[in-house]
Asks: 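Okay, handing you the structure first.
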Amino acid sequence: MARQNYDPSTIEPRWQAFWDEHQTFRTPGPGDRDFDPKKPKYYVLDMFPYPSGSGLHVGHPEGYTATDILARWKRMQGYNVLHPMGWDAFGLPAEQHAIKTGTHPREETAKNIARFKSQLKSLGLSYDWSREINTTDPGYYKWTQWIFARLYEKGLAYLAEVPVWWCEALGTVLANEEVIDGRSERGDHPCEKRPMRQWMLRITAYAERLLDDLELVEWPESIKAMQRTWIGKSEGARIRFAVEGARDPDGDGFEVFTTRPDTLFGVTYMVLAPEHPLVDAITTDDRRAAVEDYRRVAAQKSDLDRTDLNKDKSGVFTGAYAQNPVFPDDDPRSRVPIWIADYVLMSYGTGAIMAVPGGDDRDFDFAVQHGLDIVTVVQPPAGTAPDKSVERERNGVTETVTCFHGEGTAVHSSSPVLTIDGLRKQDAIARVIAWLQERGIGEAQTNYRLRDWLFSRQRYWGEPFPVLHLEDGTHRLVPDAMLPVMPPELTDFAPSGNMEPPLAKATDWVQTSDPDTGAPARRELNTMPQWAGSCWYYLRFMDPHNEDAAFSKEAERYWGPIDLYVGGAEHAVLHLLYARFWHKVLFDLGVVSTKEPFQRLFNQGMVLSWAYKDARGALIPVDEAEEKDGKFFHVKTREPLERIVAKMSKSLKNVSSPDDIIERWGADTMRLYEMFMGPLEASTPWNPDDLPGVHRFLQRVWRLYVPEGDVGEVAVVHPALLREGDADDPELEKALHKAIQKVTHDLERMQFNTAISAMMVFVNEATKKHDALTRSQALRFVTLLAPFAPHLAEDLWRRLGHDASLTYESWPTFDEKLLVEAEVELAVQVLGKVRGKIVVAADAAQPAIVDAAKQAVATQLEGKTIVKEIVVPGRLVNFVVR
RNA sequence: GCGAGAGUGGCGGAAUCGGCAGACGCGGCGGACUUAAAAUCCGCUCCCGCUAUCGGGGUCCGGGUUCGAGUCCCGGCUCUCGCACCA
């Protein structure tokens, strides 16, 4: 080790301490004395982490390093860079730990934050720690509560008795999004639906804008597509159907939602969701037992059981009939049976559908299974086959029935009251809607799949609601002046078991009084979900210490919106949609000045790892496999194994910790490797065998500057690098300009891997011409490297004779003219195959190039006629011959 | 099923507008230095062919457009992610 002069373990802590001490990355903002409003701003943000007990894994630093490089680069380009970090620190794990140990979740959270912070600092990330925020800080959640109060005032927060996912093991309700296949996303515990009185946020009121304004942002198309799907806009019509006879109490009938009102003539039955309120009233006595049975079974199934790839279309007839208004009463087709079936969900549309088996796959399957009529009302275009076709026997007759849900022409769609035969889909839809409207039995309607947001949790470790419940059953907000509402101090954090939240235990805290009237009041027992704090943290970073407002208008006007937001795709829908929703509400209130919070979004890929698979397909942990001659075998059974790429998991024993990497190789190597693995958006396996490669690169840089024998304690460089005014070797100078150009260009496109490769090319070149490197070149290369390997760069900068950090030095420039080659090598092709090479002057005239090319491939051209000559300047010459 | 994306050496990955496929790194092979090893430096490394300044093949598969296709078009296969009875 003695000769390994480049020693990150001494350099890196030294510079981290220097940056701390000098507050190198403190960013002044509007209102600060040293703020310069003339400089352009750049706000680059990482999705802040939940400080879990297990610390950082190697996936975290991937995105953090990328944004850090951009932040450092933009500083060198003269921007005011806002690059903060904080903690999404309310959350279930800390609470569960508190339940187990009896210690306050605050303590565990503080411990985890300290660990995370020291890990982030050890990576040399240039956050402005003076802006650090923590969602569990009363000074922060005061404003989370304040925003909730604004939502409440706008009628966007309301209490509702809703069927919610209750998780017995976690002792709380969960949002739909937190339940996957009937099990909790966190902890994988079983969950069930129960009706409870909950706070809801009316995000559906913003559905249209959340959809439309996706046009305004630069996000990956895939994420936009996911949000669009989630919002799930569909346009169609609401149609009212009368129920035959006196079975319907109000005589109002019921409404359905359909996207295909043009298929109204094809309705052969109706379906109500089993929970539909009308079912009881319309069911005939002879069908009641069957209907009751069916409803009981359906009630035990969750939405997901009902939707889960369930090919079986169950349902029962209610005995009642509806009237199809497009047929006169005496037309038998006007009388359609009403069924209940669990393929219709109460939670979407009106909970009832008109079934058109000739035009809808699900209705078709149901009709086939239950022997219902199927009529064709849309003729597929010539040459197009129906989507489904089934031969069936019914009433002793064999018939072929078909289903077509594409665009076609209306057929069999005529009656004395309405005719749409021959119309194409769009025209037919418009005609039917107009007709329904004239008769007052329907109208155009837009529906969304998006539901209102279940906003309460039965937890301790979350923001208390600023709400008081009065004895008359009404509720009111806690006045803004009395915020924050802080949670009571507890020692026992366990749920009470009777579905009461843990806050109910603090009876002194719960019992309070109306601050205006003095009347007795009870505090809200629920707390907000973890999403609340992350809905607006990016705004608080702009002005984190403001005690009079969530943030100042000036700060928001200057810093907003976020120029670049980087995080994992797992937040594609929930966090990003919730935050956009709050932001739009704040926009409507005039609190923020931009319609969208995150102008540009970038999803980093996942850091994966290796694992092994045996012949049966079972996954084998890495410690049970070994390599021999490029093949892999099981350590014990000697079975051959296949190496696969898998997610990091404890069970596969393939999790890497950044701490180990930093200890062994240093933070700069870690940073470089994270960026060199591949494109940031790609998911790539973590391969520790590749670490020495980037480490060697940094060593080479070191040797370029520092004479052998210096152990990193003294400021020494090659004497030549302290001499001003040496003439640059033209080729090395050109190589440097090339590197500067490539790195600059690649940073603009966030292609960190190829930027690093460009620096490697330069360093390889410079190593070969070691003695040629001048001071001027050495200085420029250090600044080029600085965003990527800041510790090493700072150290070399100091050795080159500077006292201050290079953080605010200018980014190096390149000269286009220098990059122009005097001579270029062209490939000479015959019929598209490379047959020779020529070297010509870059500005050589075309005839001269062609002559040279002909000579180069003379043997290939012999006896052939040249039909065409193609010259691509700077690239190649191609002869087409016969 | 629907939507989005991907498929390039032994491995991670390059190839900016349709123009020399495989930059850079890992691994491998060879050499220099060394008593030796490590470290370092230099060279070679897509595959096949009598090891080569030559020829053939080659970017998931099959077609097409073009002087020229990893890149564009059509059809298919595989994988990843998201949604999934949303009427």
Side-chain angles (χ1 to χ4, degrees), chain A residues 1-4 220-226 228-230 232 234 236 256-260 263 271 303-304 306-311 313 341-345 347-356 359-363 365-366 447-451 569-570 572-573 606 610 630-631 643 645 672-673 676-679 681-694 696-697 699-700 703 708 742 745-746 749 751 753-761 764 767-768 770 825-834 836-837 867-870 872-881:
Chain A
M1 282 309 265
R3 288 173 124 203
Q4 184 169 318
E221 262 319 303
S222 60
I223 302 294
K224 287 191 184 183
M226 281 160 74
R228 287 192 191 104
T229 307
W230 193 261
S234 64
V256 303
F257 173 73
T258 178
T259 55
R260 295 296 301 269
T263 61
V271 185
D303 270 12
L304 281 143
R306 287 164 55 161
T307 62
D308 188 20
L309 285 179
N310 193 352
K311 296 282 183 292
K313 290 264 183 301
D342 66 6
Y343 82 90
V344 172
L345 308 173
S347 51
Y348 182 77
T350 61
I353 63 156
M354 57 179 227
V356 185
D360 182 282
D361 282 342
R362 299 152 298 182
D363 298 344
D365 292 345
F366 189 85
N447 248 0
Y448 299 92
R449 207 184 68 108
L450 182 71
R451 312 287 155 82
E570 65 272 19
V573 176
M606 235 182 307
W610 307 112
K631 297 213 165 67
R643 188 166 80 164
V645 171
L672 232 53
Y673 175 64
F676 193 61
M677 289 170 75
E681 66 272 22
S683 293
T684 315
W686 181 264
N687 186 2
D689 293 342
D690 285 340
L691 281 157
V694 281
R696 269 198 282 267
F697 163 66
Q699 283 181 325
R700 283 179 168 211
R703 279 195 298 269
E708 216 168 296
K742 176 86 175 138
H745 178 259
D746 286 352
R749 300 162 48 119
Q751 292 170 345
N753 53 333
T754 48
I756 292 166
S757 149
M759 288 187 286
M760 287 173 166
V761 170
N764 289 346
T767 299
K768 280 177 208 172
H770 192 290
E825 188 187 61
L826 303 186
V828 183
Q829 297 182 337
V830 178
L831 288 172
K833 289 197 184 303
V834 180
K837 302 268 169 96
V867 183
K868 199 172 176 184
E869 295 162 354
I870 295 138
V872 184
R875 298 278 186 182
L876 53 73
V877 181
N878 189 12
F879 294 114
V880 184
V881 299

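Chain letters run A, B, ... following the sequence lines, proteins first, then strands; residues in each count from 1.
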Asks: C41(B), OP1 or OP2 - any side-chain N/O from Arg703(A) closer than 4.0 Å?
Replies: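 For C41(B), OP1 or OP2 has a side-chain N or O of Arg703(A) closer than 4.0 Å.
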Asks: Among C83(B), A87(B), G43(B), find the nucleotide with the atom closest to the side chain of Thr229(A).
Replies: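 Per side-chain heavy atoms of Thr229(A), the pick is C83(B).
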Asks: Which nucleotide, in any strand shown, forms a Watson-Crick or G-U wobble pair with A52(B), with both distances under 3.5 Å?
Replies: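 By the stated definition (distances under 3.5 Å), nothing pairs with A52(B).
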Asks: Quick one: look up who C41(B) pairs with, Watson-Crick or G-U, both distances under 3.5 Å, and put none if it's unpaired.
Replies: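 G31(B) is the nucleotide pairing with C41(B).
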Asks: Determine the interatomic distance between C1' on G27(B) and the same-named atom on C46(B); round to the nearest Å.
Replies: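 One C1' to the other, the span is 15 Å.
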Asks: Need one value for Ser757(A): base, sugar-phosphate or nothing, where a base atom within 4.0 Å counts as base even if backbone is also close, heavy atoms only.
Replies: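 The residue Ser757(A) makes base contact.
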Asks: Show your reasoning for whether side chain to side chain contact (heavy atoms under 4.5 Å, CB included) applies to Ser757(A) and Phe697(A).
Replies: CA-CA 10 Å; Ser757(A) 149; Phe697(A) 163 66; over 6 Å; no
Asks: Syn or anti for U51(B), with syn set at within 90° of 0?
Replies: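 Classified syn.
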Asks: Looking only at side-chain atoms of Arg449(A), point me to the closest of C42(B), C83(B), A87(B).
Replies: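 Of the options given, the side chain of Arg449(A) lies nearest C83(B).
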Asks: Under 4.0 Å between a side-chain nitrogen and a carboxylate oxygen: does that hold for Arg228(A) and Glu221(A)?
Replies: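 Yes, Arg228(A) and Glu221(A) are salt-bridged.
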Asks: Quick one: are Asn687(A) and Tyr673(A) in side-chain contact, heavy atoms under 4.5 Å?
Replies: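 A side-chain contact under 4.5 Å exists here.
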Asks: Is there a side-chain contact between Met760(A) and Val694(A) (heavy atoms, below 4.5 Å)?
Replies: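 Met760(A) reaches Val694(A) side chain to side chain.
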Asks: Measuring only between side-chain heavy atoms, which start at C-beta, is Lys868(A) closer than 4.5 Å to Phe879(A)?
Replies: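 Heavy-atom side-chain distance check fails, nothing below 4.5 Å.
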Asks: Can you tell me the pairing partner of G58(B) across any strand shown, Watson-Crick or G-U wobble, with both distances under 3.5 angstrom?
Replies: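 Checking every strand shown, G58(B) finds no partner, since no pair has both distances under 3.5 Å.
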Asks: Between Asn447(A) and Phe879(A), who's closer to the 5' end of RNA chain B by nearest nucleotide?
Replies: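 First, find each residue's nearest nucleotide; the 5'-ward one identifies Phe879(A).
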Asks: Report the distance from atom OG1 of Thr767(A) to atom CZ of Arg700(A), rounding to the nearest 0.5 Å.
Replies: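 Going from OG1 on Thr767(A) over to CZ on Arg700(A), the span is 5.0 Å.
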Asks: Using nucleotides 18-20 of chain B, report all nitrogen or oxygen pairs with the protein that are shorter than 3.5 Å.
Replies:
unit_1, atom_1, unit_2, atom_2, d
C20(B), O2, Lys837(A), NZ, 2.7
C20(B), N4, Glu825(A), O, 3.2

Asks: Specify the separation, in whole Å, of atom CH2 of Trp686(A) and atom P of C26(B).
Replies: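 Taking CH2 of Trp686(A) and P of C26(B), I get 16 Å after rounding.
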Asks: Taking atom C1' in both U35(B) and C44(B), compute the distance separating them and give it to the nearest angstrom.
Replies: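 It comes out at 29 Å once rounded to the nearest Å.
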Asks: Mind checking the P distance from G55(B) to C42(B)? Whole angstroms is fine.
Replies: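 It works out to 32 Å between them.
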Asks: With P as the reference atom in both, quote the distance from G7(B) to C17(B) in angstrom, rounded to an integer.
Replies: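 Looking at atom P only, G7(B) and C17(B) are 16 Å apart.
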Asks: Would you classify Arg228(A) as touching base, sugar-phosphate or nothing, given that sugar-phosphate means primed atoms plus P, OP1 and OP2, and contacts are heavy atoms under 4.0 Å?
Replies: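 The residue Arg228(A) makes no contact with any strand.
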Asks: What integer number of Å spans the P atoms of A15(B) and A6(B)?
Replies: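 So the two P atoms sit 14 Å from each other.
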Asks: Can you tell me how far the CE atom of Met677(A) sits from the CG atom of Asn753(A), to the nearest 0.5 Å?
Replies: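 Going from the CE atom of Met677(A) to the CG atom of Asn753(A) covers 11.0 Å.
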Asks: Would one find a side-chain N or O of Asn764(A) under 4.0 angstrom from OP1 or OP2 of C41(B)?
Replies: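 For C41(B), OP1/OP2 do not have a side-chain N/O of Asn764(A) under 4.0 Å.
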Asks: If only side-chain N and O atoms of Arg696(A) are considered, is one of them under 4.0 Å from the OP1 or OP2 phosphate oxygen of G27(B)?
Replies: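 Indeed, a polar side-chain atom of Arg696(A) lies that close.
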Asks: Considering every strand shown, what is the Watson-Crick or G-U wobble mate of A4(B) when both distances are under 3.5 Å?
Replies: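 Paired with A4(B), as far as the under-3.5 Å criterion goes, is U80(B).
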Asks: So if I take every side-chain heavy atom of Lys768(A) and compare against G43(B), A87(B), G3(B), which nucleotide ends up nearest?
Replies: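 Given the options G43(B), A87(B), G3(B), the side chain of Lys768(A) is closest to G43(B).
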Asks: What is the per-nucleotide protein-contact pattern of nucleotides 7-14 of chain B, from the 5' end, where B denotes a base atom under 4.0 Å from a protein heavy atom, S denotes such proximity for sugar-phosphate atoms only, and - denotes neither?
Replies: ----SBSS
